[in-house]
Each structure stands twice: as C-alpha cells, then as structure tokens.
Participant: 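I am attaching a structure below and will ask some questions about it afterwards.
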Amino acid sequence: MDAVRIYGGNCLCGQTTIQGSKNASLPILAATLLINGICEIENCPDISDVYHMLRLLESLGCKVEREGSLVRVNTEQLSKCDMPADSVRVMRSSIMLLGALLARTGSVSMEYPGGCVIGARPIDLHLQSLCRMGVAIEQQKQGFSAESVRLKGAAFRLPFVSVGVTENLLLAAVMAEGMTVIEPAAKEPEIQALCEFLNLAGARIEGNGSGRLTIHGVKKLKPVRYRIPADRIVAGTYLCACMTAGGSIFLRDAPVEDMESVLEYARRMGIIIESEADGILVRGRACKRISGVLRTGCYPDFPTDMQSQFMVAMAASGQPGQIEETVFENRFRIVPELRRMGADISVQGSTAYVNGGRKLCGAIVHAQELRGGAALILAALAAQGTSIVLNRHYIDRGYEDIVIRLRELGAKIELA
Ligand code: UD1
C-alpha cells in the first residue's frame with residue numbers, strides 16, 4: 001500500500017544524517033544542460049522528484065548514471081527539446097528546464113508543469129520574463145512552445161520575489177548576450193547553491209545571496225563537480241519530529257546557518273538546540289506558546305515549506321498559536337486531516353488559529369502534498385494510538401527513506 005503506519009506516543013532518541021537538498025539539486029540538474037560534457041553532482045538525494053528530473057534529462061538525450069548519491073550527467077548527445085508529459089506534469093521544477101533548454105537549443109515545447117497543489121502556482125511571470133529576453137512563446141491549452149534565436153540580457157524589476165523565476169532567469173541569462181539584472185531576486189540558500197555551481201562552471205554572476213543579481217553573459221560553460229548542500233527543510237522536519245514527540249536527537253550535517261528563523265521559533269517553543277561542528281543536537285518537546293504570529297515569508301524569513309510541520313508542533317504542544325501564510329494561498333490543506341486527529345484548528349483567510357488544550361489521537365489520514373504529508377507523520381508520532389498516513393508518494397517526492405530515518409531517531413514506524 002502507498003502508506004505509512006505509525007505507533008504514536010513514544011519519545012525519540014537517536015541520530016540521522018540529513019540528505020542533500022531537493023530544491024538545490026533540481027535546478028542544478030537542469031543547469032547541467034547548459035554545459036557540453038559530463039558534470040558530476042555529489043550528495044544528490046534519492047527522492048522521486050530527482051528521479052523525474054533525471055528521466056527528463058534522459059528524454060532529452062542526456063546520459064545519466066547514479067552511483068549512490070553521485071549523479072553523472074553527460075549532455076554531449078543532447079538531441080531533443082520535447083519532454084515526456086508524465087514527468088513534466090508530476091513536478092513543477094520541470095519549468096526550470098525551460099530557461100536552460102532555450103539557452104542551449106533555442107527551442108522548447110512542453111506541457112504545463114504540475115507539482116504539489118498548494119495554491120494556483122501559475123507560470124505567468126516565468127513566461128513574461130523570458131519574452132523580455134527575446135523568446136517567442138505560443139501557448140496552447142495543454143502546453144506551450146518557446147523559441148529564441150539568441151537570448152538577450154535584460155534588466156528585470158519583478159513584481160514579487162519568486163524562487164522559480166529567479167532560477168529560470170539565471171539559467172537563461174548566464175549565456176545570453178549582454179548583461180541581465182534580476183531585482184528583487186530570491187535569496188534562498190538553494191539560489192545561492194545554483195549561483196555557486198554556475199560560477200564554478202565559468203558563469204559571471206555577481207551579488208550572490210543578495211536581492212540583486214547581475215549576470216554578465218559568457219560564451220561557454222565548462223563541466224564541473226559540485227556537492228549539493230544539505231536540505232534545510234528536511235533537517236527542520238526532523239527537528240519538528242522531536243518538537244512533537246519529545247526526546248533528544250542529533251541531526252548530522254544539518255545546515256544550521258541556513259535555518260536561523262526555524263531554530264529561533266523552535267527555541268521560542270521551548271526546544272533546546274546546540275550547534276556542534278557536524279550537526280545539531282535537539283532536545284525537549286514544544287511546550288511554550290509563541291507570542292504573536294508565526295508568519296511565512298521569503299528567505300531569510302520563516303519558510304512556507306516548514307509551516308505545516310510547525311502547525312503540528314503547535315497542535316501537539318497543547319498551546320494556542322497563530323500562523324499566517326503569505327507565500328501560497330492554499331497551504332492549509334492539512335487542517336481537516338489534523339482535525340480528524342483531534343486538533344482544534346480554525347482558518348480565516350490566510351491565518352490559521354491553533355486552539356490549544358486538545359490531545360492528538362491516532363487516525364487514518366490522507367497526505368495531499370509533500371510537506372503537509374510529512375507533517376501528518378509528525379502528528380502521528382505525538383498522537384496516542386496508531387495512525388496510518390495514506391498517499392505516501394507525495395512524501396517520497398522530497399524525503400529520502402523517511403521511514404528508515406525516523407526509525408534511526410527511535411520512532412515506531414513502518415511502511416504499510
Ligand atoms: C519554490 C520551492 C518551494 C517553495 C517556494 C517558496 C523549489 C523546487 N520549490 O517553489 O518548495 O515552497 O519556492 O519558497 O525550489 N508565482 C506566480 N507566477 C509565477 C511564479 C510564481 O504568481 O510565474 C507565485 C506563486 O503562485 C507563489 C509565489 O509566486 O504564490 C512564490 O512562488 P515561487 O517562489 O515561484 O515558488 P516556486 O519556485 O514554485
């Protein structure tokens with residue numbers, strides 16, 4: 001069955017190693033298309049989104065090899081610019097291939113990308129921005145085709161910050177004619193990793209990590225070997241496992257410097273966190289109320305990808321709390337499932353009110369997207385009794401062996 005069974009009510013104790021970042025590996029794998037030759041990407045997580053990205057690269061004529069967490073992408077035989085519809089539809093990051101393919105081949109046709117249903121998630125800004133770089137786009141009902149003779153640099157004043165648009169424009173701009181300026185650019189650590197990878201390959205990107213990126217187009221990039229940084233959202237999720245179930249766990253390789261806002265909120269909820277040279281030690285259980293609102297935002301603010309896990313930690317703590325979601329308009333889909341587990345949560349517009357005082361109990365619940373699905377497992381760890389979380393495939397999109405990792409941390413959990 002596509003499910004996980006959890007026996008709740010047990011404290012955690014143990015250690016695990018944090019996998020490579022999903023949101024860094026996907027655009028970096030797309031970026032290998034810009035390079036004629038063999039790139040070696042280390043620490044690539046073994047998750048289904050990466051599997052789909054590698055399938056997409058193969059469908060374009062790339063040769064892909066995996067040896068443990070090392071992935072080799074050979075783009076010498078890149079031959080096509082059409083992508084298999086099923087892989088494009090399951091994953092929003094397939095849009096990342098657009099900028100890279102236009103730069104390398106000048107022509108793309110693809111279905112509209114899919115991904116987790118956490119809001120409207122349009123791609124209008126991706127397409128409009130690429131048009132300004134000299135791309136002609138023809139939209140049909142199911143998909144679109146894009147052509148460009150030569151990409152041209154442009155100065156962008158974007159209407160809002162978008163991780164995906166910043167990445168797509170970076171990929172289109174590094175080999176475009178002239179200079180491109182992206183403002184406001186997203187500053188997420190995954191954008192910084194993409195810039196690092198591209199600069200290592202010979203790109204000229206300035207302002208990495210700031211809200212303004214300047215890209216001077218170059219003629220050619222060279223093959224490189226690059227290590228994907230650890231996944232701050234996965235580390236945050238296991239931190240939240242301790243917050244809900246209680247105990248003491250060590251998260252090896254947790255990227256502590258990228259997790260400041262998450263660690264701060266966890267501390268405010270009563271968790272003890274100690275940074276060590278090779279990871280973080282987490283102790284305790286969420287027991288304190290956060291005064292004020294936990295508000296999601298663009299990095300370095302609190303990540304929307306950690307919102308559901310903190311909602312669960314609040315619900316398990318028995319303390320009331322408020323969460324405001326400012327990035328996606330439909331990211332409270334976990335609420336009805338948590339209510340089935342006994343939580344008292346109400347939603348008004350973009351704010352969720354977690355009313356304290358209730359204990360979580362085991363139930364059969366449905367994962368409906370990646371992070372919300374992982375959060376349901378966390379709720380089940382704290383709940384009295386047994387729970388089943390259905391639709392495990394959503395969780396497998398971003399978490400490598402979540403059942404094995406949680407067992408290493410002392411959870412009673414199995415595939416069902
Ligand atoms: C990326 C992350 C995702 C994270 C999100 C916000 C990856 C693979 N995914 O998603 O995990 O939750 O950043 O940190 O890295 N928007 C438009 N038009 C567009 C593009 C975006 O209206 O053309 C809107 C979106 O609907 C959303 C907001 O902009 O409301 C931000 O989205 P964006 O930053 O683009 O998120 P993703 O790149 O999809």
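Read the numbers this way: they start at 1 and go in the same order the structure lists the ligands and their atoms.
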Participant: Applying side chain to side chain contact (heavy atoms under 4.5 Å, CB included) between I205 and each of N199, T180, I182, report the one that passes.
Facilitator: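 Answer to the side chain to side chain contact (heavy atoms under 4.5 Å, CB included) test with I205 among N199, T180, I182: N199.
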
Participant: How far apart are the closest heavy atoms of F332 and I323, and which atoms are they?
Facilitator: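 Minimum heavy-atom contact is CZ-O, 4.0 Å.
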
Participant: Under 4.0 Å from ligand 1, counting heavy atoms only, is it the side chain of T304, its backbone, both or neither?
Facilitator: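 The side chain, only.
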
Participant: Which atoms of ligand 1 are found less than 4.0 Å from any heavy atom of R331?
Facilitator: 12 (O)

Participant: Need the ligand 1 atom indices (1-based, order shown) with element for anything under 4.0 Å from a heavy-atom of G164.
Facilitator: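 Going through ligand 1 atom by atom, the ones under 4.0 Å from G164 are 35 (O), 38 (O).
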
Participant: Below 4.0 Å from any atom of ligand 1, is there a heavy atom belonging to R92?
Facilitator: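 Yes; R92 lies near enough to ligand 1 that a heavy-atom distance drops under 4.0 Å.
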
Participant: Check ligand 1 against D124 and write out every atom of the ligand that is under 4.0 Å from a heavy-atom position of the residue.
Facilitator: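 Per the distance check, 17 (C), 18 (N), 19 (C), 22 (O), 23 (O).
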
Participant: Please determine if V163 has a nitrogen or oxygen closer than 3.5 Å to a nitrogen or oxygen of ligand 1.
Facilitator: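 Right, the criterion is met.
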
Participant: Could you report the tightest heavy-atom contact between T75 and T32, atom names first, then the distance?
Facilitator: CG2-O, 3.2 Å

Participant: Name all residues meeting the side-chain contact (heavy atoms from CB on, under 4.5 Å) criterion together with A245; count only those two or more places apart in sequence or in a different chain, and write none if there are none.
Facilitator: L12, L381

Participant: Looking only at heavy atoms, is any part of D305 under 4.0 Å from ligand 1, and if so is it the side chain, the backbone, or both, or is it neither?
Facilitator: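 The answer is the side chain of D305.
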
Participant: Does R392 reach the main-chain N or O of A3 with its side chain, forming a donor-acceptor pair under 3.5 Å?
Facilitator: yes

Participant: I want to know if ligand 1 touches N23 in the polar sense, i.e. an N/O pair below 3.5 angstrom.
Facilitator: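 There is such a contact, yes.
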
Participant: Quick one: does P122 get an N or O within less than 3.5 Å of an N or O on ligand 1?
Facilitator: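 Looking only at distances, the answer is yes, because the N/O contact criterion of under 3.5 Å is met.
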
Participant: For ligand 1, which is the ligand I care about here, please tell me if F328 has any N or O atom under 3.5 Å from one of the ligand's N or O atoms.
Facilitator: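 No - when backbone and side-chain N and O of F328 are compared with those of ligand 1, no distance drops under 3.5 Å.
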
Participant: What part of S162 sits under 4.0 Å from ligand 1 if we count only heavy atoms: the side chain, the backbone, both or neither?
Facilitator: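 The part of S162 near ligand 1 is both the backbone and the side chain.
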
Participant: Could you tell me whether R331 and D305 make a salt bridge, using a distance below 4.0 angstrom between a side-chain N and a carboxylate O?
Facilitator: yes

Participant: So, for V234 and G398, which heavy atoms are closest and what is the spacing to 0.1 Å?
Facilitator: CG2-O, 3.9 Å

Participant: For L378, does its backbone N or O pair with a side-chain atom of T244 as donor and acceptor, under 3.5 Å?
Facilitator: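 Looks like yes, one N/O pair under 3.5 Å.
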
Participant: Quick one: does L125 get an N or O within less than 3.5 Å of an N or O on ligand 1?
Facilitator: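 Min N/O separation from ligand 1 is below 3.5 Å for L125.
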
Participant: Quick one: does ligand 1 sit under 4.0 Å from the side chain of Y299, the backbone, both or neither, non-hydrogen atoms only?
Facilitator: neither

Participant: Under 3.5 Å, side-chain donor or acceptor atoms of residues 148-172 against the rest of the protein: list the pairs with distances, not counting sequence neighbours.
Facilitator:
unit_1, atom_1, unit_2, atom_2, d
R150, NH1, M175, O, 3.2
R157, NH1, E183, OE1, 3.4
S162, OG, G164, N, 3.4
S162, OG, V165, N, 3.0
T166, OG1, S162, O, 2.7
T166, OG1, A186, N, 3.1
N168, OD1, G99, N, 2.9
N168, ND2, I95, O, 3.1
N168, ND2, H126, ND1, 3.0

Participant: Pick, from G297, S93, C298, A24, the option with the minimum heavy-atom distance to atom 8 (C) of ligand 1.
Facilitator: S93

